[in-house]
Amino acid sequence: MDEVKRIQQLKKEKNAIILAHNYQRGDVQDVADFVGDSFGLSQKAVSSSASTIVFCGVDFMAESAAILNPDKTVLLPETNAQCPMAAMITPDSLKLEKEKYPKAAVVCYVNTPASVKALSDICCTSANAVKVVNALPEDEILFVPDRNLALFVASQTNKKIIPWNGYCPTHHLILPGDVLLELEDHPEAEILVHPECRPDVVEIADQVLSTAGMLKYAKQSDSREFIIATELGLLHRLRKENPGKTFIPATSYVVCPNMKMNTLGSIIRALENNEHIITIPEDIRIKAKRALDRMLEVGRGE
Ligand code: 13P
Ligand code: SF4
């Protein structure tokens with residue numbers, strides 16, 4: 001039996017749903033029940049009636065699904081699919097920083113471990129970071145762990161933003177020169193940039209958007225060409241959903257190796273063997289859920 005048919009069969013047997021991030025391999029996206037950005041995936045995890053969620057993404061995404069759904073089994077097909085940015089902050093280092101800024105609210109990007117979410121006032125994603133910050137009563141915000149996203153938010157709000165020094169090694173590879181070189185060949189193209197990019201890349205963007213924001217924008221825009229400054233996996237959906245438009249990657253090096261670990265084979269193994277189950281200690285889960293629930297209440301910003 002081919003892999004796709006086997007996955008469909010196992011999904012029925014297990015009452016399972018497959019959620020996939022926009023950076024997953026094309027064949028993994030095609031077999032998923034829902035493909036989206038971090039915000040959309042969190043929403044979907046809550047609204048699904050399936051008893052098992054196979055999460056094709058990285059560790060913090062599967063953890064968020066498990067935090068929000070204590071009664072569901074959440075499986076991460078590849079345990080080594082871990083976001084390096086999420087590993088750039090620990091609960092102990094955050095506790096020390098919080099002592100330095102006792103009046104600041106802690107806004108944590110979803111790209112964090114559950115233990116860091118548990119110490120935060122509210123989570124955000126790239127789709128609602130500015131809206132989340134502006135929704136808070138505090139004027140001082142400790143923004144963790146992505147300094148590029150923090151700096152982008154700082155440029156969009158009057159509040160004082162204290163950035164953490166983490167970053168996404170994949171988005172960090174994109175340089176302004178890469179984008180400008182493509183612009184020379186495609187002068188009419190619109191430049192869509194993910195806010196995890198360096199500030200000098202964000203500065204030359206026509207639009208700064210989450211992955212789902214880019215998909216929505218590209219569909220609605222009258223432009224025929226777009227330079228895309230984010231992980232290459234997004235091009236699969238951009239091209240599939242907009243056959244008449246051209247999407248040019250800012251550079252061909254922007255691959256997140258962690259996002260690419262999940263395969264059709266590992267989804268089959270996950271469903272057959274119930275692996276790898278994500279478990280969060282209950283005291284941490286309850287506190288982290290508060291921060292995620294608050295974020296979901298604020299909604300999308302784009
Ligand atoms: P979004 O899809 O939420 O924009 O996330 C980008 C990302 O890097 C997730 O790891
Ligand atoms: Fe983490 Fe960057 Fe990969 Fe997203 S693209 S999972 S932020 S390393």
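For ligands, and for the atoms within them, numbers begin at 1 and follow the listed sequence. Residue numbers start at 1 and run along the sequence shown.
- Of the N or O atoms in D37, none lie within a sub-3.5 Å distance of an N or O in ligand 1.
- Only the side chain of S126 comes within 4.0 Å of ligand 1, judged by heavy-atom distances.
- Side-chain contact check for V107 versus S120: every heavy-atom pair is 4.5 Å or farther apart.
- Panel note: side chain W164, backbone C108; no donor-acceptor pair is recorded below 3.5 Å.
- The shortest contact between atom 2 (Fe) of ligand 2 and any protein heavy atom is with C168 SG, 2.3 Å.
- Among D37, T170, T230, N258, the single residue meeting the side-chain hydrogen bond (donor to acceptor under 3.5 Å, both in side chains) criterion with Y23 is T230.
- Of all the atoms in ligand 1, the ones that sit under 4.0 Å from a non-hydrogen atom of F60 are 10 (O).
- At distances below 3.5 Å, not a single donor-acceptor pair connects side-chain atoms of Q24 with backbone N or O atoms of V35.
- At least one heavy atom of M61 sits closer than 4.0 Å to an atom of ligand 1.
- In this structure a side-chain-to-backbone donor-acceptor pair under 3.5 Å is missing from E78 to S266.
- Of the heavy atoms in N258, none comes closer than 4.0 Å to ligand 2.
- Using a distance-only test at 3.5 Å, with no hydrogens or angles considered, a donor-acceptor pair links the side chain of E63 to the main chain of A114.
- In terms of polar-atom proximity, defined here as any N/O pair under 3.5 Å, T125 makes no such contact with ligand 1.
- Counting protein heavy atoms only, atom 1 (Fe) of ligand 2 is closest to C83 SG, 2.4 Å.
- Considering both main-chain and side-chain atoms, H21 comes within under 3.5 Å of ligand 1 through a nitrogen or oxygen pair.
- Distances between N or O atoms of H194 and those of ligand 1 include at least one value under 3.5 Å.
- Close contacts of ligand 1 with M259, meaning ligand atoms under 4.0 Å from a residue heavy atom, involve 10 (O).
- The shortest contact between atom 8 (S) of ligand 2 and any protein heavy atom is with P84 CD, 3.4 Å.
- At the shortest separation from atom 7 (S) of ligand 2 among protein heavy atoms lies N111 ND2, 3.1 Å.
- At least one side-chain heavy atom of L142 sits under 4.5 Å from a side-chain heavy atom of L94.
- Between the side chains of E190 and S223, at least one donor-acceptor pair of N or O atoms lies under 3.5 Å.
- Distances below 4.0 Å separate heavy atoms of E196 from the following atoms of ligand 2: 2 (Fe), 7 (S).
- T157 pairs by the side chain to side chain contact (heavy atoms under 4.5 Å, CB included) definition with V133, N134, V153, K159, I161, not counting sequence neighbours.
- Taking 4.0 Å as the cut-off, N111 counts as a neighbour of ligand 1 on heavy-atom distance.
- In the model, D178 has no side-chain atom that pairs as donor or acceptor with a side-chain atom of T251 under 3.5 Å.
- At least one N or O atom of S38, backbone or side chain, sits closer than 3.5 Å to an N or O atom of ligand 1.
- Sorted by first and then second residue, the ring-ring contact (aromatic ring centres under 6.0 Å, His included) pairs involving residues 207-251 (not counting sequence neighbours) are F226-F247.
- Distances shorter than 4.0 angstrom do not occur between any heavy atom of E231 and any atom of ligand 2.
- With hydrogens and angles disregarded, no donor-acceptor distance shorter than 3.5 Å links the side chain of N111 to the backbone of A86.
- Taking 4.0 Å as the cut-off, E231 does not count as a neighbour of ligand 1 on heavy-atom distance.
- The shortest contact between atom 8 (O) of ligand 1 and any protein heavy atom is with E196 OE2, 3.0 Å.
- Nearest to atom 2 (O) of ligand 1 among the protein's heavy atoms is T211 OG1, 2.5 Å.
- Taking backbone and side chain together, C256 holds no N, O or S atom under 2.8 Å from atom 2 (Fe) of ligand 2.
- Between the side chain of K131 and the backbone N or O of V298 there is at least one donor-acceptor pair closer than 3.5 Å.
- Close contacts of ligand 2 with M85, meaning ligand atoms under 4.0 Å from a residue heavy atom, involve 7 (S).
- Applying the 4.0 Å criterion to heavy atoms of S210 picks out, from ligand 1, the atoms 4 (O).
- Of the possible polar contacts, one joining the D2 side chain to the K5 backbone as a donor-acceptor pair under 3.5 Å is found.
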